[in-house]
J.: 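Dropping the structure in here first, questions after.
Note on naming: letters A, B, ... go to the chains in the order of the sequence lines (proteins, then strands), and numbering restarts at 1 for each one.
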Protein chains: 2
Amino acid sequence: MRKRGNTGAKRPTLADVAALAGVSAITVSRALRDPQKVSPQLQEQIAHAVQKLGYAPDPAASALASGRSNTIGLVIPSLTNSVFSEVLRGVYDALEETAYSAQIGNFRYAPLGEEKLLLTFRSQRPAGLIVAGTDQTAGSRRLLEEMACPVVQIMDIDPDPIDMIVGFSHHDAGAAAARHLVEAGYRRIGLLAARMDPRTQKRAAGFRTAAGAATGPEREVMTPEASTTVLGGHMMAELLAKAPDTDAIFCINDDLAAGALFECQRRGIAVPERMGICGFNDLDIASAVNPPLTSVFTPRYEMGRRAVELLLARIGGAAEGPVVEDIGFQLRPRGSTATKG
Amino acid sequence: MRKRGNTGAKRPTLADVAALAGVSAITVSRALRDPQKVSPQLQEQIAHAVQKLGYAPDPAASALASGRSNTIGLVIPSLTNSVFSEVLRGVYDALEETAYSAQIGNFRYAPLGEEKLLLTFRSQRPAGLIVAGTDQTAGSRRLLEEMACPVVQIMDIDPDPIDMIVGFSHHDAGAAAARHLVEAGYRRIGLLAARMDPRTQKRAAGFRTAAGAATGPEREVMTPEASTTVLGGHMMAELLAKAPDTDAIFCINDDLAAGALFECQRRGIAVPERMGICGFNDLDIASAVNPPLTSVFTPRYEMGRRAVELLLARIGGAAEGPVVEDIGFQLRPRGSTATKG
DNA sequence: CTGTTAGCGCTTTCAT
DNA sequence: ATGAAAGCGCTAACAG
């Protein structure tokens with residue numbers, strides 16, 4: 001067995017490229033970062049030398065010398081949640097072909113995890129930061145305010161962002177779901193909520209406000225557990241045990257909603273006639289089941305993309321000052337809440 | 001509005017800590033990286049100074065000086081695929097509390113994307129690399145072989161790994177599904193496959209071999225599209241159109257399988273009596289639907305964890321030499337293939 | 001166990 | 001438009 005690893009040949013440096021191109025290192029550096037500052041003549045020679053040597057800049061050296069990295073930090077509470085994987089996709093897509101790359105920090109909903117991550121990120125001198133939500137701890141908020149780079153909050157909206165924000169109102173979204181169910185004729189509406197993070201709570205609060213007398217604490221089933229489809233089934237069962245006359249439910253996300261639907265099928269409870277179901281996020285599964293689930297679409301991919309765009313604009317010199325973008329949501333009525341009787 | 005960013009106060013450096021603790025910089029460096037090399041006395045003073053100044057090491061400077069970073073690179077073809085998000089979770093969990101952090105490279109199934117990513121990673125001098133699959137291009141394979149760090153391939157198994165490998169045989173897994181369906185009494189078995197990556201193809205090949213005369217090309221529906229539950233429904237419809245007498249299907253993953261089940265429900269096709277369904281991966285959805293779906297469980301989270309463990313062991317000095325770990329899979333029979341009549 | 005000396009590869013002045 | 005010198009913050013190698 002051959003020994004692994006590039007034991008010989010040191011990787012080429014700027015100096016090597018410079019020597020081969022017959023210029024100085026700094027000229028190569030410029031040609032690579034800001035080509036217009038170098039004559040076309042030299043650009044050509046340099047490009048040739050880079051090509052020939054297979055030169056790739058050392059990001060560590062660059063970061064050290066310049067005091068900033070090409071990293072965009074992304075701070076999220078979960079990796080598995082499909083909501084965040086869509087955001088991630090948007091972020092990565094928007095970063096494609098730019099000089100920047102993403103670094104994901106996952107604090108797994110740990111109370112002090114976010115602060116710890118921000119400390120780590122700070123030492124990396126990121127070019128920009130994207131953080132989920134508006135409910136940072138005081139410590140996190142201070143860290144973010146003092147960060148020497150632009151910051152975008154996503155997933156939620158707030159008139160007083162740390163720096164920039166792009167998201168939507170979870171309160172309004174919950175309220176929209178409630179109004180839809182009431183308009184569809186349901187009068188005893190339950191609530192299924194898992195993973196009680198701040199945004200979940202806001203949706204729940206909006207729902208309660210708008211549903212008014214059509215709902216009540218006796219029709220709520222909540223758990224701190226992460227939501228899964230299986231869990232949705234269990235929670236539906238629990239709700240039916242404690243409030244059997246419930247005629248509709250708002251589920252804080254589509255996994256739960258799908259699970260609730262399956263539980264209804266098992267029990268022979270007709271959806272939407274005997275039980276209306278409204279989910280949240282409009283995942284793929286929502287439109288695939290029978291009947292398809294009414295859900296509230298949220299622009300997750302777009303939020304990721306947009307956050308990066310805002311960052312890049314600011315890095316590129318856009319004026320400082322708060323930016324607040326409400327990206328909206330969209331109630332999508334489907335068979336699971338088709339007007340009652 | 002206050003100007004954002006830490007405009008004043010430069011961040012403290014090793015030298016600042018050293019001065020405050022009354023020692024030299026290198027001693028601080030050692031105390032932080034390898035405490036046993038420093039007397040308890042000085043450790044204390046240094047810890048105190050670090051605390052007081054809020055010192056955090058600069059990873060760029062460290063990487064530049066030492067010639068290696070604390071980054072573990074992860075090269076995967078997709079971020080949205082729930083299979084990879086579980087792997088990610090395993091990787092992040094295993095990295096927790098270590099000095100290393102993950103850097104995700106997503107090449108989105110682009111033909112030359114992987115090579116491009118590896119080039120980028122190489123310039124970062126990663127501490128280790130995790131790559132999905134065994135079907136690298138010749139260029140990627142060469143890059144990986146020459147990488148000056150340990151490399152783990154995951155998701156698949158191969159007797160001749162680049163360096164280390166942990167995964168399972170997709171061929172065998174596909175074969176196991178086929179045998180199960182045949183043993184359950186099905187005789188005209190179809191195949192639904194999307195996103196035809198190398199592992200998908202191996203599962204399909206294993207399925208065909210083991211199903212023998214119980215399947216055939218006329219019962220296969222394939223597409224390069226990414227698989228979704230909605231797509232599973234469409235593909236089921238297509239299969240029923242071209243081979244109406246099909247009595248069971250193997251779906252290359254659970255999203256497809258769930259979609260196929262829903263399509264059967266829409267058409268009043270009884271599962272498992274008139275149509276058996278076997279999925280793949282054993283996602284949460286598989287056990288939540290009605291009837292629950294037979295599926296092949298794959299240890300995705302565990303693969304992510306184990307890959308990191310192998311890397312850390314090697315970094316920590318474990319002997320060189322190929323490592324091949326077959327982590328297995330597990331057929332989980334459920335209602336959707338309950339023995340036929 | 002602790003310190004000194006050099007330098008990692010790049011970018012920032014400041015000249016020319 | 002190009003270059004020379006200096007140094008970013010840390011660690012390797014060698015002393016003591």
J.: Report yes if at least one side-chain N or O of Thr27(B) is closer than 4.0 Å to OP1 or OP2 of dT2(C); otherwise report no.
T.: no
J.: Near Arg68(B) CZ, under 6.0 Å, is it more than 12 heavy atoms from other residues, nucleotides or ligands?
T.: no
J.: Tell me whether the side-chain N/O atoms of Ser29(A) come closer than 4.0 Å to OP1 or OP2 in dC10(C).
T.: no
J.: Please report, rounded to the nearest Å, how far the P atom of dC10(D) is from the CZ atom of Arg125(B).
T.: 18 Å
J.: What integer distance in Å separates Arg33(B):CZ from dA13(D):C1'?
T.: 12 Å
J.: Using only side-chain N and O atoms of Ser39(A), determine if any of them is under 4.0 Å from OP1 or OP2 of dT2(D).
T.: yes
J.: So, is Arg68(A) close to the dC10(C) phosphate, meaning a side-chain N or O under 4.0 Å from OP1 or OP2?
T.: no
J.: Mind calculating the distance between CG (Leu64(B)) and P (dG7(C)) to the nearest angstrom?
T.: 14 Å
J.: For DNA chain D, which residues of residues 47-60 of chain A approach it to below 4.0 angstrom with any heavy atom?
T.: none
J.: Starting from P on dC1(C), measure out to NZ on Lys37(B) and report it in whole angstrom.
T.: 10 Å
J.: Rounded to whole angstrom units, what separation is found between the CG atom of Leu14(B) and the P atom of dC10(D)?
T.: 4 Å
J.: For Ile26(B) and dT2(C), what is the distance between atoms CD1 and C1' respectively, to the nearest whole Å?
T.: 10 Å
J.: Regarding Gln36(B), tell me which of base, sugar-phosphate or nothing describes its non-hydrogen contacts under 4.0 Å with the strands shown.
T.: sugar-phosphate
J.: Between Val38(B) and Ala25(A), who's closer to the 5' end of DNA chain C by nearest nucleotide?
T.: Val38(B)
J.: Rounded to whole angstrom units, what separation is found between the CZ atom of Arg11(B) and the C1' atom of dC8(D)?
T.: 12 Å
J.: About how many Å separate CZ of Arg30(B) and OG of Ser24(B), when rounded to the nearest 0.5 Å?
T.: 7.0 Å
J.: Any donor-acceptor pair under 3.5 Å between the side chain of Arg30(B) and the base of dG3(C)?
T.: yes
J.: Could you measure the distance from the CD atom of Glu325(B) to the CG atom of Leu310(B)? Nearest 0.5 Å is fine.
T.: 5.0 Å
J.: If you compare every side-chain N and O of Ser24(A) against the phosphate oxygens of dG3(D) (OP1, OP2), does one of them come in below 4.0 Å?
T.: yes
J.: Between CD of Gln124(B) and CZ of Arg122(B), what distance do you get to the nearest 0.5 Å?
T.: 12.5 Å
J.: Starting from C1' on dG3(D), measure out to CG on Leu42(A) and report it in whole angstrom.
T.: 12 Å
J.: Could I get the full list of side chain to side chain contact (heavy atoms under 4.5 Å, CB included) partners for Ala65(B), not counting sequence neighbours?
T.: none
J.: Please confirm whether the backbone N or O of Asp156(B) pairs with a side-chain atom of Thr134(B), one donor and one acceptor, at under 3.5 Å?
T.: no
J.: CD of Glu44(A): more than 12 outside heavy atoms within 6.0 angstrom?
T.: no
